[in-house]
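Input: a single structure, listed below in structure tokens.
Letters A, B, ... mirror the listed sequences (proteins, then strands); counts begin at 1. This structure is a prediction, so every number in the text was calculated from the model and none was measured.
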Protein chains: 6
Amino acid sequence: MNSVVVRNVPRADAAIVKALGELGVATVHEAMGRMGLMKPYMRPIWPGAQVAGSAITVLAQPGDNWMLHVAVEQIRPGDIVVVAVTSDSTDGFFGELLANSFVAHGAVGLVIDAGVRDVKALKEMGFPVWSRAISARGTVKATLGSVNIPVVCAGAAVKAGDVVVADDDGVVVVPRLIAAEVAKKSAERNANEDGKRKRLAAGELGLDMYKMREALAQAGLKYVDDLES
Amino acid sequence: MNSVVVRNVPRADAAIVKALGELGVATVHEAMGRMGLMKPYMRPIWPGAQVAGSAITVLAQPGDNWMLHVAVEQIRPGDIVVVAVTSDSTDGFFGELLANSFVAHGAVGLVIDAGVRDVKALKEMGFPVWSRAISARGTVKATLGSVNIPVVCAGAAVKAGDVVVADDDGVVVVPRLIAAEVAKKSAERNANEDGKRKRLAAGELGLDMYKMREALAQAGLKYVDDLES
Amino acid sequence: MNSVVVRNVPRADAAIVKALGELGVATVHEAMGRMGLMKPYMRPIWPGAQVAGSAITVLAQPGDNWMLHVAVEQIRPGDIVVVAVTSDSTDGFFGELLANSFVAHGAVGLVIDAGVRDVKALKEMGFPVWSRAISARGTVKATLGSVNIPVVCAGAAVKAGDVVVADDDGVVVVPRLIAAEVAKKSAERNANEDGKRKRLAAGELGLDMYKMREALAQAGLKYVDDLES
Amino acid sequence: MNSVVVRNVPRADAAIVKALGELGVATVHEAMGRMGLMKPYMRPIWPGAQVAGSAITVLAQPGDNWMLHVAVEQIRPGDIVVVAVTSDSTDGFFGELLANSFVAHGAVGLVIDAGVRDVKALKEMGFPVWSRAISARGTVKATLGSVNIPVVCAGAAVKAGDVVVADDDGVVVVPRLIAAEVAKKSAERNANEDGKRKRLAAGELGLDMYKMREALAQAGLKYVDDLES
Amino acid sequence: MNSVVVRNVPRADAAIVKALGELGVATVHEAMGRMGLMKPYMRPIWPGAQVAGSAITVLAQPGDNWMLHVAVEQIRPGDIVVVAVTSDSTDGFFGELLANSFVAHGAVGLVIDAGVRDVKALKEMGFPVWSRAISARGTVKATLGSVNIPVVCAGAAVKAGDVVVADDDGVVVVPRLIAAEVAKKSAERNANEDGKRKRLAAGELGLDMYKMREALAQAGLKYVDDLES
Amino acid sequence: MNSVVVRNVPRADAAIVKALGELGVATVHEAMGRMGLMKPYMRPIWPGAQVAGSAITVLAQPGDNWMLHVAVEQIRPGDIVVVAVTSDSTDGFFGELLANSFVAHGAVGLVIDAGVRDVKALKEMGFPVWSRAISARGTVKATLGSVNIPVVCAGAAVKAGDVVVADDDGVVVVPRLIAAEVAKKSAERNANEDGKRKRLAAGELGLDMYKMREALAQAGLKYVDDLES
């Protein structure tokens, strides 16, 4: 691995990023054709946050957070830092100090396939983090990784500048080049769901609303009155 | 597998279901002789809910929530839907839309050995869910399963109409035919625990209250003053 | 295994225990040279508690909480009970009844490499617990273990009287004989971090503050303008 | 839980059991409509064995093998012992001594949702075991369970007398009352697969043999020459 | 997701693929700068195989092997099929029938982030498979995925035509465009290791051979005669 | 953590080490009162080896095998190296090169709570390893740990010079000071088991041989003819 920091990161339009963040993970993921979702072990360290940002990607070594310090210099307001590690690690790569630094440079959140610490302080600061673990274990600064190269984070491929959306349902990655299209489809889907929600809340059956009865019968579903009948 | 929907579900008496729900999982599980508990990976998606209901059982395929739509039609007020999957899946089988439908038909909760999404909305609606995962991953509607056949959900055998009790401690299944008896024993146990709680809170040792000292000595327990003595 | 209860537990000075508790897990763990941390699967059953206490150690058998009852008699005000199990178990070894007993004798918390139940009641009582699981599964009282012998709990070696510090970041064990020294180093580290926090919050880069640029260059880190350049 | 040993176990016809054993797990599982399979964490402790037998079911407590000793008396030649545990346990419930006892009474194998030990000796004896773990950890004989009651083992419901088939692919449970029918369907499936195997081995595409092309096109599958085309 | 099958797959030179296969996973992974390794849960279903091939990539849905049938038509002699699934699944996507089809079209192996079955038959055929699980659970053919699009398999990004090397140590992916360079570096590394191996086997210390003593001392390593000294 | 290498390691008598190795893990673990066993995730990388040796302990950092090189100099013939890591890691800390070095200095095996690679070569060399994982992932040599300090490895406390016994059932640690006593008790247990084995193999029930019937009845075990009786 050549260790590099890529300085120029093309970012999606801020209005599109904002729109994707407001639509939320489940809607965006569906509108993308169910691609780009990180593994469900990625959980928010405190509930309720919902953000979107342009990805600054970091490839770090297990138990070594050196490249997070390097990454700070590349953060622009509205960015979200996405950290992949070359092998599974739960160590605490990030805590209050780095969070202060991230905030000072405009980061809106952190997505890390490893652990973080100082969770109480991070919650008080309102800095949102999605991680695989919480751990006080400290890390060293000894081995290089890279910044803004393509990475695989929690099972999802991420390129610097992709739009990352995160909320209580998890984290989804929207490739930058299709972000506008995905935002449009997500908004349409959202509008569409609103109508369905009302009909379902009024008691209409999905069986009828989605016209599933025929397909179910054709697939062989039988209705019986009792288990032994 | 023949895919069937069983329409008639015998349910336990509503007063008994209510009583079991108020007694809570740990007490009911103990009163049943420590049977019927689901695996501890089943966790509430938001804390504080405590419910009981009659089970509508669903056997679904991995990544396919078709049968949840089918199940809605079978829900009666006071029911709790219990979803087993034919192989391990963390996908998001259930979200805000289905929740609206469930609520419209009177469901009091969902227990699902898979994932759910829209957790923020579900929390705002006050709809309680116990699941193995939270995931925005969408599911297809392609392959049949069954509704109201006996299933194994998170390690527990469940029949349609069994009473399912769930709270922050997990989920327990009470076979319908013994529900009245279990409710009675649970209430007795609860009453009994109240007295013990007060004595322990006053400083009395369990060693004395439960008269354990002789059994411990007989089993060979030694007291020493210091580690090396 | 000879089953013993060791009665005399040398404890650290109360002021030092208090100081360690206020400094928190991450700081204390760092000041100790990154030793003594329990595995990150040990999580608080409710967020926000931060405690320190002298360890009463318990070695229990899987699915058997007999020795927790034995341990109560050894608790002195300010103690924290640390339970290891001879093989992995998620059963509910501890609940509201034992919590009342623990509190009556002055315990400030429980750290258990197994499950607990009655989490809602424990939260209402304000009794803090760090555990590997939440489970309503009851335990038997059939097989001996020991109290106040050295144990391995969640990957950390613990001796009776060691200082255990626990908060939202996890659990760390400070050997009693170095507790004073660790408290001193932790306080120094804390003071030192305060200055750093302010500089980072003001936008100074860690790269500059920690003077990392030269070491990074020497290790071979390259900066490029674009990915293909 | 009332602890009982059920003495009379109705067993399937020996010829049917034999036939199911020869057909193997994958074929039988398919012929049953993909029901009855245990979780894939159940693995043979040595490769190559393929057996079927009538289930003697055991419900044991974690870390306690007392009921395995009780079960031996109920074994008849051709039986396979199926052990469920009331909560997850990896302890070594079974080893060389019990294996000698099982063999003396005619057991053809053991399926256990826990651990076993003496694996080298068991392999030398040729006694096949499917388990979730290998562990030398000994167990106590302190708490009752039951024998020949319905259990859930590794996610599958098992009744005494059901036919259990196990090989390198895992373990499947065939309810006794449908065993003859499943054996017949399994044999048909097997015969049917033979023809398919030959055609596929000769290079015929499944796409053509199963006539999938139209359905794929209808579902929307596109063929492109190059990724960017 | 648009479901596509990409027909043209640029492949690396056969001699380079062969060379990489003979060098093995650990050497190739090191020569690549420690990139491209799949997660260690990917294990061979039988030991001893060592292969390399050009990747035919498959993106499948959980519990659905339809796209594996589609992929067969794209296999050319020397290819290795790499299957990613859109969410975690252990189901048996592949068995003896598909293996016969794969072999007929020249596939040299299968790498699948899911389960396989018929492991005994696959071993007898000598067809090598690396998978996350073994499971007899059958899959449906209901939902589209894609063939030869870029995928993430077991944490590694794979493009169609990349060289995949697999042996008892795991699976590594070599991007096609650097395959020649990696093969060259791997061979050099191998030659270099041979000399080291002989010196170490003769008793020379790595401390001396790698000249580590000074760096260790500088980092602060102390030698003491006894633990308390 | 002060990083130290302790040079003088008191070792148990070679005859006692040899005797413990021949008795095997399960017997020794029982004779010790069921203490000292490592977690069952520690598995041999190839089956059939059975060894015992004096522990050279290593505390390493995640993804960093520097201290294994340091440890080689401390190996004496008959030693077994035991590697703990400060946080969970599956990386390949050890392979063919280090194995040649270990063998040259007389090591009889490796027990490592992390990963190893070159498993085919290690098997061909006949060098036995027990590990938590197999992984080709390389490690760095950047951060100090210690050699021959007390460690916790896979849940077991190990001191340098303790006797480590390992076979297909796992790994057990015998404190050096009680090794002679444990060897004696193990031999007695072994002799005792031989008689039991013969009686059980002849068909005698454990129920009778161990005189369990009365205790079972007293505990409340009931025998019934049929499930519904």
| note | When the 4.5 angstrom heavy-atom criterion is applied to D:Val4 and chain F, the contacting part is both
| said: Taking the side chain as everything from C-beta on, heavy atoms only, tell me whether D:Val81 gets closer than 4.5 Å to D:Asp79. | reply: no
| For D:Phe127 and D:Leu98, what are the C-alpha separation, side-chain angles and deciding distance, and is it a side-chain contact (heavy atoms from CB on, under 4.5 Å)? | CA-CA 11 Å; D:Phe127 188 79; D:Leu98 267 170; over 6 Å; no
| query | Okay, side chain of D:Asn148, backbone of D:Val6: is any donor-acceptor separation there less than 3.5 Å? | reply | yes
| remark: D:Phe102 and D:Leu68 have their tightest heavy-atom pair at CE1-O, 4.2 Å
| request: Mark yes or no for whether D:Arg117, through its side chain, and D:Ala136, through its backbone, hold a donor-acceptor pair below 3.5 Å. | output: yes
| Per-residue contact mode, D:His69 against chain F (heavy atom under 4.5 angstrom) | both
| request: For side-chain contact (heavy atoms from CB on, under 4.5 Å), just list the numbers for F:Met125 and F:Asn100, CA-CA rounded to whole Å, side-chain angles, deciding distance to a tenth of an Å, and then say yes or no. | output: CA-CA 9 Å; F:Met125 292 173 65; F:Asn100 272 286; 4.1 Å; yes
| query | Looking only at heavy atoms, which of residues 17-26 of chain F get nearer than 4.5 Å to chain D? | reply | F:Val25, F:Ala26
| query | Where on D:Glu124 is there a heavy atom nearer than 4.5 Å to chain F: the side chain, the backbone, both, or neither? | reply | neither
| said: With a 4.5 Å cut-off on side-chain heavy atoms, are D:Val111 and D:Met38 touching? | reply: yes
| remark: When the 4.5 angstrom heavy-atom criterion is applied to D:Lys159 and chain F, the contacting part is neither
| query | Could you name the residues of residues 39-56 of chain F that have a heavy atom within less than 4.5 Å of a heavy atom in chain D? | reply | F:Pro40, F:Arg43, F:Gly48, F:Gln50
| query | Between the main-chain N or O of F:Asp169 and the side-chain N or O of F:Asp167, is there a donor-acceptor pair closer than 3.5 Å? | reply | yes
| Heavy-atom neighbours of F:Lys120 NZ exceed 12 at 6.0 Å | yes
| field | Backbone of D:Cys153 reached by a side-chain donor or acceptor of D:Asp113 within 3.5 Å | value | no
| message | Closer than 3.5 angstrom, by distance alone: can the side chain of D:Arg7 be matched with the main-chain N or O of D:Gln74 as a donor-acceptor pair? | response | no
| said: Quick check for you: among F:Leu221, F:Val28, F:Asp168, which has the greatest number of heavy-atom pairs under 4.5 Å with chain D? | reply: F:Leu221
| said: Non-hydrogen contacts under 4.5 angstrom with chain D: give the residues of residues 170-185 of chain F involved, or none if there are none. | reply: none
| note | Filtered by a 4.5 Å non-hydrogen cutoff, the part of residues 193-216 of chain F contacting chain D is F:Glu193, F:Lys196, F:Arg197, F:Leu200, F:Ala201, F:Gly203, F:Glu204, F:Leu205, F:Gly206, F:Leu207, F:Tyr210, F:Met212, F:Arg213, F:Ala215, F:Leu216
